[in-house]
Undergrad: 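Pasting a structure here, questions to come.
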Number of protein chains: 2
Amino acid sequence: MAAAIQVVDTQGAGAFSMRALGAFLECDPTAMYRHFRTKNALLDALLDSVVREGSAELPQSDDPRADIRANFRQLRRSLLAHPTLAPLVLRRPPGVGAYWERSDHAVAQLHRAGMDPVDAANVYQTLLFYTLGHALSEARQLARALEREGAGADGGPVASVDAPPERHPDLSDVAPHLRDDNEAQFLAGLDLILRDLPR
Amino acid sequence: MAAAIQVVDTQGAGAFSMRALGAFLECDPTAMYRHFRTKNALLDALLDSVVREGSAELPQSDDPRADIRANFRQLRRSLLAHPTLAPLVLRRPPGVGAYWERSDHAVAQLHRAGMDPVDAANVYQTLLFYTLGHALSEARQLARALEREGAGADGGPVASVDAPPERHPDLSDVAPHLRDDNEAQFLAGLDLILRDLPR
DNA sequence: ACCTGAACACCGTTCAAGT
DNA sequence: ACCTGAACACCGTTCAAGT
């Protein structure tokens with residue numbers, strides 16, 4: 001139900017209830033139980049649709065590395081498109097269901113780059129967990145900014161640091177470098193993991 | 001409040017309510033509002049204590065790489081020690097508050113290994129997000145196994161794959177390699193990110 | 001076949017009242 | 001100063017009853 005996504009995006013995930021959805025659709029709150037066995041089942045359908053978003057246009061060029069980058073960049077953007085919904089994605093096990101298209105694509109590219117299965121499995125899971133962790137942290141922060149100042153907020157750095165310098169000198173040295181563009185920072189991490197892959 | 005952690009661990013995070021905690025402590029459900037402004041504030045205190053758990057004994061040996069490994073392995077274990085609580089850690093922004101000790105330690109080791117600040121920042125965030133994503137996924141699965149069969153369950157592989165082989169040949173090739181020991185798989189991902197670090 | 005709405009067993013939180 | 005308990009405004013879900 002696309003209406004449910006709309007409710008979550010405009011009202012926030014916390015305000016999403018059967019009663020709120022019923023009011024939005026102008027029907028009885030209990031009518032949804034004809035289409036979904038439970039609120040959890042409805043939520044799971046929403047999460048799957050977010051993860052699958054845009055996965056039909058995954059590129060298959062002559063550069064495996066670029067294709068993998070595109071895959072995970074797209075996943076990150078899909079998650080960030082619904083910041084208040086994104087944190088709930090962790091409720092679903094990664095690597096199954098909605099991830100099939102994405103993981104099959106990524107593993108195929110790793111094979112094509114000449115990587116053996118064991119390495120491919122590790123690199124794939126590292127990429128996936130890194131992407132989920134990074135995007136969901138960013139989404140959470142973006143969601144807070146949205147509810148604080150309405151539309152048009154940018155959320156700030158994905159992980160800002162404000163430690164007392166005298167106690168944590170090394171941390172404070174690094175802090176300025178955490179304030180850069182979030183997507184660039186994300187892609188740098190991807191490249192770090194993909195470093196050994198032939199370009 | 002350590003009693004709250006006990007309630008979460010035995011009853012599951014879903015059953016944690018002010019009323020349930022009150023029943024456990026044999027006091028009125030509203031008595032907690034003298035010590036915590038809100039249920040959220042109480043939960044945040046719990047999450048912080050989990051992240052900080054054991055961070056006092058972070059090693060500082062002559063091998064920066066091993067020290068960083070120990071840091072993130074310890075973080076993973078702290079999260080997995082409270083599997084039903086762990087997913088809620090994402091509600092807090094990483095990189096602040098409870099993470100100070102851990103991130104300061106990790107960044108100090110990266111410096112000591114001769115890494116420049118920009119690289120150190122990226123490597124640190126990559127490690128953190130990878131660890132959070134990996135451990136929280138594993139914790140979620142472990143929590144499900146626990147509530148399904150009581151104590152003594154192992155939770156199975158952190159990301160099992162059961163895709164139709166005819167549609168996803170590459171994925172099916174890799175699936176067997178995802179079923180190995182979860183901690184070994186986690187450490188392999190860490191090493192992947194730390195590959196360039198001098199040993 | 002599908003929707004309705006009353007009802008049940010819960011929530012978090014507030015606040016006047018007690019000691 | 002701290003705890004109590006009634007009360008308020010919510011939840012998800014069920015089920016007999018309507019069309």
Side-chain angles (χ1 to χ4, degrees), chain A residues 1-50 82-93 97 140 143-144 146-148 150, chain B residues 1-50 82-93 97 140 143-144 146-148 150:
Chain A
M1 214 76 106
I5 289 222
Q6 200 175 337
V7 169
V8 171
D9 283 346
T10 60
Q11 321 267 0
F16 176 70
S17 67
M18 293 292 123
R19 282 166 164 90
L21 181 56
F24 182 84
L25 292 174
E26 285 173 347
C27 71
D28 195 90
T30 66
M32 274 80 74
Y33 287 85
R34 298 290 139 188
H35 309 282
F36 297 92
R37 226 176 48 74
T38 186
K39 184 196 182 185
N40 251 304
L42 198 165
L43 225 34
D44 284 347
L46 290 193
L47 302 177
D48 278 8
S49 82
V50 168
H82 311 282
T84 78
L85 189 58
L88 301 178
V89 165
L90 263 207
R91 291 166 12 94
R92 308 249 58 198
R140 190 197 36 68
R144 280 167 60 111
L146 277 175
E147 90 181 26
R148 217 169 35 235
Chain B
M1 213 77 105
I5 288 224
Q6 200 175 335
V7 169
V8 171
D9 283 345
T10 60
Q11 322 266 0
F16 176 70
S17 65
M18 292 294 126
R19 282 166 164 90
L21 181 56
F24 182 85
L25 292 173
E26 286 171 346
C27 72
D28 195 271
T30 65
M32 274 80 71
Y33 287 85
R34 297 291 138 189
H35 310 281
F36 297 93
R37 225 178 48 76
T38 185
K39 185 194 182 186
N40 250 305
L42 198 166
L43 224 35
D44 284 348
L46 290 193
L47 302 177
D48 278 8
S49 83
V50 169
H82 312 282
T84 77
L85 190 58
L88 300 179
V89 166
L90 264 207
R91 293 165 11 93
R92 308 249 60 196
R140 190 197 36 69
R144 280 166 59 111
L146 277 176
E147 92 180 27
R148 216 171 36 235

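Note that the structure is a prediction, hence the values are computed from the model and not measured.
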Undergrad: Tell me: CG of A/L21 to P of D/dG12, nearest whole Å?
TA: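 Roughly 10 Å, once rounded to whole Å.
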
Undergrad: Could you work out, with side-chain contact (heavy atoms from CB on, under 4.5 Å) as the rule, every residue matching B/D28, not counting sequence neighbours?
TA: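 Partners of B/D28 under the side-chain contact (heavy atoms from CB on, under 4.5 Å) test: B/T30.
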
Undergrad: Could you give the CZ-to-P distance, from B/R19 to D/dC8, as a whole number of Å?
TA: 14 Å

Undergrad: Would you say B/L46 and B/L43 make side-chain contact, with heavy atoms under 4.5 Å?
TA: yes

Undergrad: Of the candidate nucleotides C/dT13, D/dT4, D/dT13, which contains the atom at the shortest distance from the side chain of A/K39?
TA: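 Taking heavy atoms from C-beta onward, the closest nucleotide is D/dT13.
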
Undergrad: How many whole angstroms separate atom CZ of A/F36 from atom C1' of D/dT14?
TA: 19 Å

Undergrad: Which listed nucleotide (D/dT14, C/dC3, D/dT4) is nearest to the side chain of A/T30?
TA: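 When the side chain of A/T30 is considered, D/dT14 is the closest of D/dT14, C/dC3, D/dT4.
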
Undergrad: Rounding to a whole Å, what distance do you find between A/E26:CD and C/dG5:P?
TA: 14 Å

Undergrad: Does A/H35 place a side-chain N or O at less than 4.0 Å from the phosphate oxygens OP1/OP2 of C/dC2?
TA: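 Checking A/H35 against C/dC2: no side-chain N or O falls below 4.0 Å of OP1 or OP2.
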
Undergrad: Identify the two heavy atoms, one from B/K39 and one from B/F16, that lie closest to each other, and give their separation to 0.1 Å.
TA: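 B/K39 and B/F16 have their closest heavy atoms at NZ-O, 3.2 Å.
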
Undergrad: Counting only side-chain heavy atoms from C-beta out, which of D/dG12, D/dC3, D/dG5 sits nearest to B/D28?
TA: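 Out of D/dG12, D/dC3, D/dG5, the nucleotide with an atom closest to B/D28's side chain is D/dG5.
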
Undergrad: Under a 3.5 Å cut-off for both distances, is C/dC2 Watson-Crick or wobble paired, and to whom?
TA: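 The base-pairing partner of C/dC2, which may sit in any strand shown, is D/dG18.
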
Undergrad: Whole Å only: how far is the CD atom of B/Q11 from the P atom of C/dC10?
TA: 14 Å

Undergrad: Nearest nucleotide by nearest heavy atom, which residue falls closer to the 5' end of DNA chain D, A/A15 or A/R37?
TA: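 Between the two, 5'-proximity favours A/A15.
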
Undergrad: Within the 4.5 Å heavy-atom criterion, are B/H82 and B/V8 side-chain neighbours or not?
TA: no

Undergrad: What is the separation between atom OH on A/Y33 and atom P on D/dC11, rounded to the nearest whole Å?
TA: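 So the two atoms are 12 Å apart, to the nearest Å.
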
Undergrad: Does the structure show a Watson-Crick or G-U wobble partner for C/dG12, both distances under 3.5 Å? Name it, or say none.
TA: D/dC8

Undergrad: Whole angstroms only, please: what is the CE-P distance between A/M18 and C/dA6?
TA: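 Going from A/M18 (CE) to C/dA6 (P), I get 20 Å.
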
Undergrad: CZ of A/R34 versus C1' of D/dA16: gap in Å, rounded?
TA: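 Between C1' of D/dA16 and CZ of A/R34: 11 Å.
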
Undergrad: How far apart are the closest heavy atoms of B/A20 and B/A15, and which atoms are they?
TA: CB-O, 3.5 Å

